[in-house]
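Keep in mind it's a predicted model, so treat the numbers as computed, not measured.
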Amino acid sequence: MVLEPDRAILVYAQAPQARGAPKAQTRKVFFYDEAVQELGRLAHTAGVKVVGRVRQELKRITAATLIGKGKIGELKELAREKSANTVIFYNELSPTQLRNLNKELNVRVIDRTALILDIFAQRARSMEGKLQVELAQMIYMSTRLVGKGIELSRIVGGFQTKGPGEKKLESQRRLIRDRIAKIRRKLVKVRQTRELHRKTRSKRAMTTASLVGYTNAGKSTLLNYIAKETLLAEDKLFATLDPTTRKIWMPTGGHILVSDTVGFIHKLPKQLYEAFKATFEEVEAAGILLHVIDMSHQYMDDQIITVQRMLEEMDISDKPVINVYNKADIVMRDEEYVDAISQRPESVVISSVTGYGIDTLLARIAQILDGL
């Protein structure tokens, strides 16, 4: 039996301070068009059908529901008209706001953080990945146990299906605390094993590089091309979650190890940042970072800023970096644009689909690694 996908309405509430931001600052944050486009792609990745979009420019934030009564009424009517059973907020909602909105709208309400957690739960494959996802879900749930009305685990069409079921409040809190402690102990062992493997590679004098970048920039496709592999690579956000390392033979002789890592995203949920620290350790151990950038994306510079800021937060921005501008095959007809990008510092323009620029990239990698 094939279940129908959830039908969702996307909501973006624009905070008062964002609307008046100076023009010079507007490219440093996501606003309505960018935010809703990305939220729609996240919903698509989760298997949700988007049937409507709603925006509200807030004069003030309503503590109980975030949005005002008038917009709640409009949203309720739209949900009825579109037969929507889910409302997804781009904004992070407090436990109280979640409870009240569920009650007011009479449909399931989640926020962007819960949506990303669900995507990770659906797509994690390795034991480590699954443990990390469950830890993130438990941490998220532990902050939202405020009583009945919040459904984080309802089984509907494969969406939000991975979380634990709702039980009595105090019992659930205890179970969640116990489970968090158990998962963290397991992850310590996984990280110890990973560290042993890393030391073994170091003893063999294997130089490592890590692919970093915004989600869906083409990191996995690039690794497939240079490693002659067929790893999962889809045109979806967070298509690849588990770290993958492959041996790459260099044109000048010898080889290096290249690791693919989970993609970055604007406003990464803090629960995932902690839970996926083991994945980022691959980046910390790398001799060089290959920052893969989707040069065909409308908001490319916003994505670059997001990745750079997160690398700084992880204290690994001081490593040698090659800015790998990918998907040249999509924009190749715009020669002026391609030429301008190629002039940026430490930049290489490539296509991981056609192979354009790959030899130049490998030569640049070898040049930098020889100097380390």
Side-chain angles (χ1 to χ4, degrees), residues 2-13 30-55 75 78-79 81-93 107-125 129 133 136-137 140 151-163 213-221 231-242 260 262-269 272 276 292-294 296-300 302-303 306-307 326-327 330 352-353:
V2 178
L3 297 177
E4 290 293 324
D6 276 9
R7 297 171 61 85
I9 295 172
L10 309 183
V11 180
Y12 176 78
F30 275 26
F31 287 121
Y32 175 71
D33 53 349
E34 300 165 84
V36 173
Q37 281 184 32
E38 185 171 89
L39 189 61
R41 297 193 69 192
L42 287 168
H44 172 68
T45 300
V48 178
K49 183 177 182 179
V50 176
V51 296
R53 293 172 171 82
V54 171
R55 175 190 186 186
L75 189 55
L78 181 61
E81 176 188 329
K82 298 292 185 180
S83 300
N85 59 359
T86 304
V87 172
I88 305 174
F89 277 76
Y90 180 86
N91 314 74
E92 185 166 356
L93 300 173
V107 296
R108 186 158 51 100
V109 178
I110 65 170
D111 58 18
R112 176 177 175 269
T113 297
L115 179 63
I116 293 175
L117 287 172
D118 182 74
I119 292 169
F120 275 60
Q122 290 184 32
R123 306 187 77 85
R125 295 294 179 265
V133 169
Q137 286 184 310
Y140 177 85
E151 296 182 74
L152 296 175
S153 320
R154 199 180 69 176
I155 299 178
V156 179
F159 178 54
Q160 283 286 13
T161 64
K162 303 290 185 176
Y214 208 83
T215 181
N216 204 40
K219 300 185 300 300
S220 297
T221 306
L231 304 169
L232 176 66
E234 296 180 273
D235 186 20
K236 291 183 177 181
L237 304 188
F238 298 120
T240 303
L241 296 181
D242 299 314
D260 188 11
V262 64
F264 295 90
I265 194 168
H266 181 64
K267 294 176 68 175
L268 179 74
L272 284 176
F276 277 78
V292 183
I293 301 162
D294 180 358
S296 70
H297 199 282
Q298 183 179 3
Y299 303 113
M300 175 187 72
D302 293 291
Q303 295 183 350
T306 294
V307 174
N326 191 26
K327 305 189 182 181
I330 300 177
S352 54
V353 173

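Between the side chain of E92 and the backbone N or O of T113 there is no donor-acceptor pair closer than 3.5 Å. The closest donor-acceptor contact from the side chain of R7 to the backbone of A79 lies at 3.5 Å or more, if one exists at all. Under the 3.5 Å distance criterion, the side-chain polar atoms of N326 are matched with a main-chain donor or acceptor of A217.
Y299 and D294 are not linked by any side-chain donor-acceptor pair at a separation below 3.5 angstrom, with hydrogens and angles left out of the test. Donor-acceptor pairing under 3.5 Å is recorded for the side chains of H297 and Q303.
Interatomic distance, CG of L268 versus OG1 of T306, reported as 10.5 Å (0.5 Å rounding). For the atom pair CG of L10 and CD1 of I88, the computed distance is 5.5 Å after rounding to the nearest 0.5 Å. A distance of 8.5 Å separates CD1 of I9 from CD of E81, quoted to the nearest 0.5 Å. Between E38 atom CD and T215 atom OG1 the span is 8.5 Å, to the nearest 0.5 Å. Distance check, rounded to the nearest 0.5 Å: OH of Y90 to CG of D111 gives 11.5 Å. With rounding to the nearest 0.5 Å, the separation of CZ in F89 from CD1 in I110 is 11.0 Å.
Closest approach of K327 to S296, counting heavy atoms only: CD-OG, 3.9 Å.
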